[in-house]
Number of protein chains: 2
Amino acid sequence: MSSIWQEEIAAETRAGGRISDRFIVDKVRKAVLTQRLPPGTRLPEVALGDIFGVSRSVVRKALTRLAADYVVTQQPNQVARVRAPSIEETRETFAARRLVEGEVAALLAGRLDDEQLATIASLVEREAEAHACGDEPARIEHSLAIHHLLAERSPNRVLGAMLTDLILRTSIVIALYKRAGLASCFLAEDHPALLAHLRTGDGEAARRCIHDHLQALENLLDLSTRETRIDLMAILGQREGVTE
Amino acid sequence: MSSIWQEEIAAETRAGGRISDRFIVDKVRKAVLTQRLPPGTRLPEVALGDIFGVSRSVVRKALTRLAADYVVTQQPNQVARVRAPSIEETRETFAARRLVEGEVAALLAGRLDDEQLATIASLVEREAEAHACGDEPARIEHSLAIHHLLAERSPNRVLGAMLTDLILRTSIVIALYKRAGLASCFLAEDHPALLAHLRTGDGEAARRCIHDHLQALENLLDLSTRETRIDLMAILGQREGVTE
DNA sequence: TCCTGTATTGTTGTATACAATAAATTGACA
DNA sequence: TGTCAATTTATTGTATACAACAATACAGGA
């Protein structure tokens with residue numbers, strides 16, 4: 001029973017903490033994000049229960065939550081699968097995020113204190129450094145941290161929660177549809193420019209900045225309808241699930 | 001065991017359909033919306049299971065979904081309760097809905113075919129009639145149908161789903177914070193004006209119309225911070241739950 | 001009267017058994 | 001060899017039992 005989560009589960013149990021549904025949600029989410037669980041992967045309840053050392057009750061709750069987050073699909077009497085958002089949904093998700101994150105940035109401009117601005121500045125710097133070092137996972141982590149900070153600090157918490165969801169969903173589709181051969185989605189100018197607008201308090205400039213940034217990101221993806229890169233039939237046909 | 005859902009459950013079981021988690025979600029949601037289950041109401045799993053004639057498994061799934069929809073709160077080892085959104089959250093929910101529904105309306109303007117426009121026109125008319133007859137429940141139903149139609153027909157389905165959620169959440173807080181003595185939240189001019197803009201295809205006008213409409217709606221609420229109408233301590237202190 | 005520790009009750013958390021459904025396999029037949 | 005039906009296996013749906021935790025009620029002492 002060697003799974004991709006072997007060490008993490010061992011660490012958690014050693015630390016005395018018993019595995020909860022939240023733990024499972026986190027692990028599956030991250031695995032989907034890093035494409036260790038590609039779209040279409042079967043997630044049978046008993047298999048996951050064996051892996052995490054819990055019963056189906058806990059797994060079921062985790063899967064229900066993942067379905068609410070659009071990470072997996074759950075249809076009656078069928079195994080849960082890692083979701084494969086379509087090209088159309090990808091475009092719509094980006095458009096929704098542009099709207100929401102643009103508004104959050106506009107609301108936030110001029111309202112952040114020096115400490116928060118310094119935190120963002122540090123993340124922007126570290127993102128550039130990681131890119132220079134060729135450490136893409138670290139760069140993604142810092143980039144995500146910037147956007148998550150906007151979501152957390154959003155003066156409107158309802159919009160903030162919506163943005164958190166949208167960041168996750170766009171991250172998944174970026175991993176899915178990243179143009180083959182593209183090493184990184186780093187856009188050197190964008191985050192520094194955003195920081196400047198947040199500092200000066202120009203809300204509309206911040207909104208435009210976010211808008212253009214996300215549009216540029218979307219343009220880096222391969223969303224050509226011709227050859228559907230995600231061949232659902234091929235994916236759903238294969239019998240592979242989580243390794244046990 | 002006489003509950004507020006007595007007849008509906010009997011009807012469902014007579015019709016041969018067995019009670020599913022979706023059924024429970026619908027019934028609880030509607031009861032919250034119509035304030036038959038006021039905020040703070042305890043929703044113990046066994047009590048709900050007895051009422052609906054199912055085991056805790058089904059009830060638990062329903063409650064998890066209701067929590068994802070922000071209808072109830074679920075904290076570890078504590079009974080689920082009907083959520084009581086704060087005044088601040090109410091304002092934020094309205095602001096979020098203005099943003100999202102405005103965008104949906106702008107996208108939709110000029111894109112609806114004659115049949116869909118006729119459907120909306122009919123709903124607008126029937127809403128006015130219901131108001132004239134003093135039939136407030138019917139008026140609310142028709143008004144909601146108009147907004148739900150926008151959500152369903154949204155060219156961007158991600159935004160459409162978000163709007164569906166926001167319509168539910170605003171409906172709950174409207175019921176909660178409606179100014180005492182106010183018979184109806186009917187705004188005679190707004191829906192006809194929206195219909196006109198959707199027909200002519202003026203997206204920005206449709207956006208402004210939605211924006212002003214929702215702002216007017218929010219202004220009809222009693223969101224004065226002075227006397228907190230929702231006294232959580234009083235509500236959470238009382239032992240009342242669903243009637244058995 | 002007020003506080004505090006303890007027993008009791010109420011409620012949720014988890015595991016498991018069995019039923020119901022879907023998927024896969026097998027075998028017969030053309 | 002290919003196709004269809006019947007059987008077997010895999011998987012989820014539901015109910016239930018027991019453990020763990022929280023809230024309550026009660027009794028005793030300051």
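These numbers come from a predicted model, not from an experiment.
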Under 3.5 Å, N/O pairs linking protein and nucleotides 13-15 of chain C:
| from | atom 1 | to | atom 2 | distance (Å) |
| --- | --- | --- | --- | --- |
| C/dG13 | OP1 | B/N77 | N | 3.4 |
| C/dG13 | OP2 | B/R60 | NH1 | 2.8 |
| C/dG13 | OP2 | B/R60 | NH2 | 3.0 |
| C/dG13 | N7 | B/R56 | NH2 | 2.9 |
| C/dG13 | O6 | B/R56 | NH1 | 3.0 |
| C/dA15 | OP2 | A/S55 | N | 2.7 |
| C/dA15 | OP2 | A/S55 | OG | 3.0 |
| C/dA15 | N7 | A/S57 | OG | 2.5 |

Q. Partners of A/T73 by side-chain hydrogen bond (donor to acceptor under 3.5 Å, both in side chains), sequence neighbours excluded?
A. none

Q. In chain order, what residues pass the side chain to side chain contact (heavy atoms under 4.5 Å, CB included) check against A/I140, with sequence neighbours excluded?
A. A/E136, A/L144

Q. Within less than 4.0 Å of OP1 or OP2 of D/dT11, is there a side-chain N or O belonging to A/R42?
A. yes

Q.
Test of understanding: with side chain to side chain contact (heavy atoms under 4.5 Å, CB included), list the residues that count as partners of B/A68, not counting sequence neighbours.
A. A/A68

Q) Under the side-chain hydrogen bond (donor to acceptor under 3.5 Å, both in side chains) test, which residues partner A/D113, sequence neighbours left out? A) none

Q | side-chain hydrogen bond (donor to acceptor under 3.5 Å, both in side chains) partners for B/R153, two or more places apart | A | none

